[in-house]
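Every chain is numbered from 1, with letters handed out A, B, ... down the list of sequences.
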There are 2 protein chains.
Amino acid sequence: MGRWEPDARGRLAKAALELYSERGFEQTTVVEIAKRAGLTERTFFRHYADKREVLFAGSSALQELFVRAVADAPESAAPIDALAAGLDAVSEMFADRREYARKRQAVIMANAELQERELIKLASMSAALADTLRRRGVAEPAASLTAEAGVAVFKVGFERWIVAAEERDMAHLMRDSLDELKAVTAGG
Amino acid sequence: MGRWEPDARGRLAKAALELYSERGFEQTTVVEIAKRAGLTERTFFRHYADKREVLFAGSSALQELFVRAVADAPESAAPIDALAAGLDAVSEMFADRREYARKRQAVIMANAELQERELIKLASMSAALADTLRRRGVAEPAASLTAEAGVAVFKVGFERWIVAAEERDMAHLMRDSLDELKAVTAGG
DNA sequence: CACCTGATGTCAGTCGCTGCCATCGCGTAG
DNA sequence: CTACGCGATGGCAGCGACTGACATCAGGTG
């Protein structure tokens, strides 16, 4: 075994999340992750660019989903409403992954390096959203600001969803957060 | 010499920025930085936690200035106006450091690891601002959203200032960006 | 002049990460 | 059925970031 067991990538991701949860990110070596997955350190780095990236395999799919929903919003929709459509789409995606999301988020919140990686993924999402808004005819700096605002709403909404009771729907928390942002920016 | 030359910290920071500019962040080793500063690698790590941190020595002062300005805004001011006061204060700080800011930003924009570090500094600023707003009586999630929005405006305004002609005043760009955000969030 | 203290130097060691080449298992042409 | 090709994996050497432990030095103090 080891060689030729299927889904080496998945086994590495699973082993990494387990070990990061059990003893922390810093206290885990890549050799240990690879060993638990029945592979070697060298193979780990063939599947993931670095020790952090193994926790962010799904982030590109999330970004694509978000961007597509914004791009597909009716042409008549205001930028902020196109964004709301994106937040809806994203919320669906997480609906049945709450436990996984919680476990993963706990690991990330416990380590600064992992937070850095999370932040740059969100920045990439913001850039992609801004690009999409520009294609919809939104000028700068409105496009970048709207995108940044959208990511801010996502961050706050996501965090509230993670700590919320099981029943709380992510889409509702996202909408509430967006409304709060509207209220506070209108307050001046 | 080497030992007992004054301002070892400053010499290290200067040498690092020079080398990162000349040949790039990745292509520069800590040994080289230390050597140019007339010191050793070990001493570098006594002054800076890691190879990236040497570019972010001033970020805590920036955060403190921003936070204090928000905290000192008139109690009657709406959260978004307290934020605007913070952006004003920050703009003053940068007024006579444009060349340095440009050089530094060019280095950061050329490397993903440095962007990660920059992002976590901004996230720290957002958290500190949210805390300050809470002390001013703003509830969650409005406090966090306002803080995130403030940092978004800072990011966009700063970027525009970096690329703008010499005459453009940073404070004006910040105000414009804030107004744009207000417009776009009111558009739904 | 002896002593103390903080900053620096020296050295060994761990770990993340990469390049290079060998090896393995499977599919496929012949 | 066999030989060959190919993608995935292993093994190994090496670099650079970073750390802990200990020695050393310059300057101030008694």
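Listed by chain and number, the residues in a salt bridge (charged side-chain N to carboxylate O under 4.0 Å, His left out) with A:R23 are A:E32 (sequence neighbours excluded). For B:S177, there are no side-chain hydrogen bond (donor to acceptor under 3.5 Å, both in side chains) partners, not counting sequence neighbours. Not counting sequence neighbours, the partners of B:T40 by the side-chain hydrogen bond (donor to acceptor under 3.5 Å, both in side chains) test are B:T43. With sequence neighbours excluded, no residue forms a side-chain hydrogen bond (donor to acceptor under 3.5 Å, both in side chains) with A:R42. Scanning for salt bridge (charged side-chain N to carboxylate O under 4.0 Å, His left out) contacts around B:D88 gives B:R175, with sequence neighbours left out.
Counting to the nearest Å, the P atom of D:dA17 and the NZ atom of B:K35 are 13 Å from each other. When rounded to the nearest whole Å, the span between CG of A:L12 and C1' of C:dG16 equals 16 Å. One interatomic measurement links the two molecules: CG of A:D7 to P of D:dT9, which rounds to 10 Å at whole-angstrom precision. A straight line from CZ of B:R9 to C1' of C:dT8 spans 16 Å, rounded to a whole angstrom. For the pair B:E26 CD and D:dC15 C1', the computed distance is 13 Å after rounding to whole Å. Look at CD on A:E41: it is 16 Å from P on D:dG14, rounded to the nearest Å. Atom CG of A:L39 is separated from atom C1' of C:dT23 by 15 Å (rounded to the nearest Å). Rounded to whole Å, atom P of C:dT14 lies 17 Å from atom CD of A:Q27.
Applying the side-chain hydrogen bond (donor to acceptor under 3.5 Å, both in side chains) test between A:E116 and each of B:R117, B:K121, B:Q115 identifies B:R117 as the sole match.
Screening residues 158-170 of chain A for side-chain hydrogen bond (donor to acceptor under 3.5 Å, both in side chains) gives A:R102-A:E166 as the qualifying pairs, with residues at least two apart or on separate chains.
Side chain of A:R104 to main chain of A:L55: a donor-acceptor pair is present (N/O by atom type, distance under 3.5 Å, no hydrogens or angles).
Listed in residue order, the members of residues 104-123 of chain B having a heavy atom less than 4.0 Å from DNA chain D come to none. Near DNA chain D, defined here as any heavy-atom distance below 4.0 Å, the residues from residues 42-52 of chain A are A:R42, A:T43, A:R46, A:H47, listed numerically.
Comparing D:dG16, D:dT9, D:dG10 against the side chain of A:A8 picks out D:dT9 as the nearest.
Grouped with B:I120 in one hydrophobic cluster are A:L119, A:I120, B:L119, the linkage being side-chain heavy-atom contacts under 4.5 Å among Ile, Leu, Val, Met, Phe, Trp and Tyr residues.
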